[in-house]
2 protein chains.
Amino acid sequence: MNIGEIARRAGVSRSTVSYALSGKRSVSEETRRRVQQVIDELGYRPNASARALANGRTNTIGLVFPPAGNHYTGMQLDFIGSVVEAAAAHDYDVLLSPSGADSDRSFQRLLAERRVDGAILMEIRLQDDRVDHLGEENFPAVCIGRTAQPEGSWWVGLDHTALTAACVSHLADLGHRRIAFVNRPEHLLRAGYESAHRGLDGFTEAAAERGLTVRTYRCGDDAPAGQECLERILREDPDTTALVTLNEAALGGLYRGLAMAGRQIPRDFSVTGVVAGRWAETVTPPLTAADVPAEQLGRLAVELLVERIGHPDAAPRHHLLTPPISLRASTGPAPGRR
Amino acid sequence: MNIGEIARRAGVSRSTVSYALSGKRSVSEETRRRVQQVIDELGYRPNASARALANGRTNTIGLVFPPAGNHYTGMQLDFIGSVVEAAAAHDYDVLLSPSGADSDRSFQRLLAERRVDGAILMEIRLQDDRVDHLGEENFPAVCIGRTAQPEGSWWVGLDHTALTAACVSHLADLGHRRIAFVNRPEHLLRAGYESAHRGLDGFTEAAAERGLTVRTYRCGDDAPAGQECLERILREDPDTTALVTLNEAALGGLYRGLAMAGRQIPRDFSVTGVVAGRWAETVTPPLTAADVPAEQLGRLAVELLVERIGHPDAAPRHHLLTPPISLRASTGPAPGRR
DNA sequence: CCGAGATGTCGAACCGGTTCGAAGAATGCG
DNA sequence: CGCATTCTTCGAACCGGTTCGACATCTCGG
């Protein structure tokens, strides 16, 4: 059931079958029909490895995603799904590569063994050797997020600085003067995670501009950590009336902490942050948040990557998204005001 | 930078390089060292396509997962992560294949084009033509869940019948007499989703055995649908005091509905179901639930698949898991009792 | 000292496609 | 009618590995 078999049954040469399928040279209408008929009868499909070997393209893209040690967030899930779908629309398959402790091994596999035509990198760091490395080799890659010097590279990302700043403004406009910031965990900050750092910057600057009193926290990626973090916030400054968070996985815990402390949202305390819309609606009251457009990010990343694969020398492109804040029910006027 | 180049620089033939790497024939210690040195200097890694073509194995497994139209659940995310990790441990890569509207196209690609050595199928249906099809071809596959006639196939799954029955018993022991069941959406039931059907069966049988009054509902996979569903439950039988759910994505909405109706969990109303542990802890109060061991399921699936790939004629194996119910804080004695 | 067996290496064939150059047939034009 | 052009098809080479059979060399026992 290979191309030779098809050729034999159709009474033509292997190359003719190949041309009949690819259309790269003209083939008589009659021959084409005969070949097609044999193919349909046998249900033949060309072997992907052989094809990849011959023309140097695998029609596969690599998705380098965080290891399970990090707790996954809903946003990441939506993102992966949309990448796979967008890739399928462009006739690409998606190969997953966990970037982790032995990131080298898995990552090298993808590139050096030429398993993929290009890669999408999640969880970018401000200083990211993976990006540097890919840049040197001019390997087609698109980052989700941007490094400290993103000039030469292709990326799509959120403007976390602007988003957290918008959250601060929103709260300040409601009269809140003492606000906490709940970031991702310590180790991700130390590793230089882009979103955590830029989000923190945006928060800090906007708060300074508005003259607010703030405290910033790092919080583990799960509900118990969120609860604990909230307890700390109220302990260290009981007059805090609002918080901004980037930590989707801790959100449920933050809510729980507030409930246990007897603070009602949004009457006594406002909560907002950067969270994918679908997940912002799972908490009660639904979270007012900058909705992470995970689906759009995935689609754009694939489109950029496909373009880059097709035009290896094209100038770098990128998309910086700044989704608006969706007003739901978790923020309100500061207590004692209005 | 191919094997011929290595051979030339090391002053040996291509086959010798191959044997030096694979160890399938003896190579003198000195030659091996020289070859290895050249390889290290050049950072050579054998081309995956060429290797796959030559020995007929891609070292890749396919993960057939639900299309984005279905809303993903946290459990699925954890599962995918653990599959990727377990696969990496066995030196396999993971190729994602969305099974959806054009499932044929993507699915056929995987198999007929020999992109993968085996496949893991998520979201099994009681009657599943994908499974039948793979069975006929004796293609190495492992199902997550079991079909109506699972005898000939390899699978790992949860005993949803036993799990929902256990939930019912738990509630009955607490004195609840009127219980609702919140299932997955209508269209998934019509499609024959295994977990939805078996879960429903287990619930119904256990309730009948205990002589309980029950109602069953189908609920969309998101928070607003959950909220709406809960409103319906209380409207159609205001004396309902507990519910069992399989619908992780609707959980937040169910909780919200209860809060809006002024029913306090667990004082006025108990909630339980089958939900991955990490996600059961995001709601307040934390959900008493049969914890879906997503990580274990992924690991076991990969192990079975790797074994099956290695031994094409081995007898079918499977794992049926029945995780215990983790007592958290969402269930309590029926109101008016003790 | 000779033959058997083990050891190390090589060339060639093969996996299943794609693509190039060339050749034969058909067609068009002067 | 002859020559140039186009259309159609074929064979061969190639992509980059693996593997088989053969051959040369070395080792050891009788």
Side-chain angles (χ1 to χ4, degrees), chain A residues 1-39 42-60 91 93 108-117, chain B residues 1-39 42-60 91 93 108-117:
Chain A
M1 45 229 83
N2 54 27
I3 202 174
E5 180 70 13
I6 303 296
R8 207 177 53 69
R9 301 214 191 193
V12 298
S13 72
R14 300 197 306 149
S15 50
T16 300
V17 175
S18 179
Y19 288 126
L21 278 170
S22 69
K24 294 195 179 172
R25 276 196 193 177
S26 59
V27 170
S28 74
E29 189 49 36
E30 201 220 315
T31 305
R32 182 198 305 285
R33 254 205 317 278
R34 210 167 57 239
V35 168
Q36 191 59 52
Q37 189 184 336
V38 174
I39 285 176
L42 272 64
Y44 164 79
R45 307 223 52 184
N47 180 301
S49 303
R51 198 209 286 263
L53 176 57
N55 62 22
R57 305 200 38 213
T58 59
N59 264 268
T60 303
D91 250 303
D93 283 326
Q108 289 306 320
R109 256 172 84 116
L110 282 200
L111 305 198
E113 300 185 3
R114 326 228 130 234
R115 269 172 214 271
V116 298
D117 297 335
Chain B
M1 44 229 84
N2 55 26
I3 202 175
E5 181 69 13
I6 303 296
R8 207 177 53 70
R9 301 213 190 193
V12 297
S13 71
R14 300 197 306 148
S15 50
T16 299
V17 174
S18 180
Y19 287 126
L21 278 170
S22 70
K24 295 195 178 173
R25 277 197 191 176
S26 59
V27 170
S28 75
E29 189 47 37
E30 201 220 315
T31 305
R32 181 197 306 284
R33 254 206 316 277
R34 209 166 57 239
V35 169
Q36 191 59 53
Q37 188 185 336
V38 174
I39 286 176
L42 273 64
Y44 163 80
R45 307 224 51 185
N47 179 301
S49 302
R51 197 208 289 262
L53 176 58
N55 62 21
R57 304 200 39 212
T58 59
N59 264 268
T60 303
D91 250 303
D93 283 326
Q108 289 307 319
R109 257 172 85 117
L110 282 200
L111 305 199
E113 300 184 5
R114 320 225 90 94
R115 269 171 213 270
V116 298
D117 297 335

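Letters A, B, ... are given to chains in the order of the sequence lines, protein chains preceding strands, and every chain is numbered from 1.
In this structure a side-chain-to-backbone donor-acceptor pair under 3.5 Å is present from R34(B) to A10(B). A donor-acceptor pair is defined here as one N or O able to donate and one able to accept, closer than 3.5 Å; such a pair exists between the side chain of T58(A) and the backbone of R115(A). Although no hydrogens or angles enter the test, the distance criterion places no donor-acceptor pair under 3.5 Å between the side chain of R14(A) and the main chain of G4(A).
Distances shown here put every side-chain N or O of S15(A) at or beyond 4.0 Å from the OP1 or OP2 atom of dC10(D). For K24(B), a side-chain nitrogen or oxygen approaches OP1 or OP2 of dT19(D) to under 4.0 Å. For T16(A), no side-chain nitrogen or oxygen approaches OP1 or OP2 of dT9(D) to under 4.0 Å. Here S26(A) reaches the OP1 or OP2 of dT8(D): one of its side-chain N or O atoms lies under 4.0 Å away.
In terms of position on DNA chain D, the residue among P46(B) and Y19(B) whose nearest nucleotide sits closer to the 5' end is P46(B).
Side-chain atoms of N47(B) lie closest to dG16(D) of the nucleotides dG17(C), dG16(D), dT19(C).
Counting to the nearest Å, the P atom of dT18(D) and the CG atom of N2(B) are 12 Å from each other. Here dC15(D) presents its C1' atom at 15 Å from CD of E5(B), a figure rounded to the nearest Å. The distance between atom CG of N55(B) and atom P of dC14(C), rounded to the nearest whole Å, is 17 Å. As rounded to whole Å, 18 Å separates atom P of dC14(D) from atom CD1 of I3(B). If you measure from atom CZ of R33(A) to atom P of dT8(D), you get 13 Å, rounded to the nearest angstrom. Atom-to-atom, CG of N59(A) to C1' of dT18(C) comes out at 14 Å; the value is rounded to the nearest Å. Rounded to an integer number of Å, the gap from CZ of R51(A) to P of dC15(D) is 19 Å. A straight line from CZ of R14(B) to C1' of dC14(D) spans 11 Å, rounded to a whole angstrom.
A donor-acceptor contact under 3.5 Å links the side chain of R25(A) to the base of dG21(C).
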Open item on the list: R33(B) vs E30(B), test: salt bridge (Lys or Arg N to Asp or Glu O under 4.0 Å). Steps then yes/no.
Closed with: CA-CA 5 Å; R33(B) 254 206 316 277; E30(B) 201 220 315; over 6 Å; no
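Within the 4.0 angstrom heavy-atom criterion, only backbone atoms of the sugar-phosphate kind lie near S28(A); the bases stay farther away. Within the 4.0 angstrom heavy-atom criterion, only backbone atoms of the sugar-phosphate kind lie near T31(A); the bases stay farther away.
What you find for S49(B) and A52(A) is that their closest heavy atoms are OG-CB, 3.4 Å.
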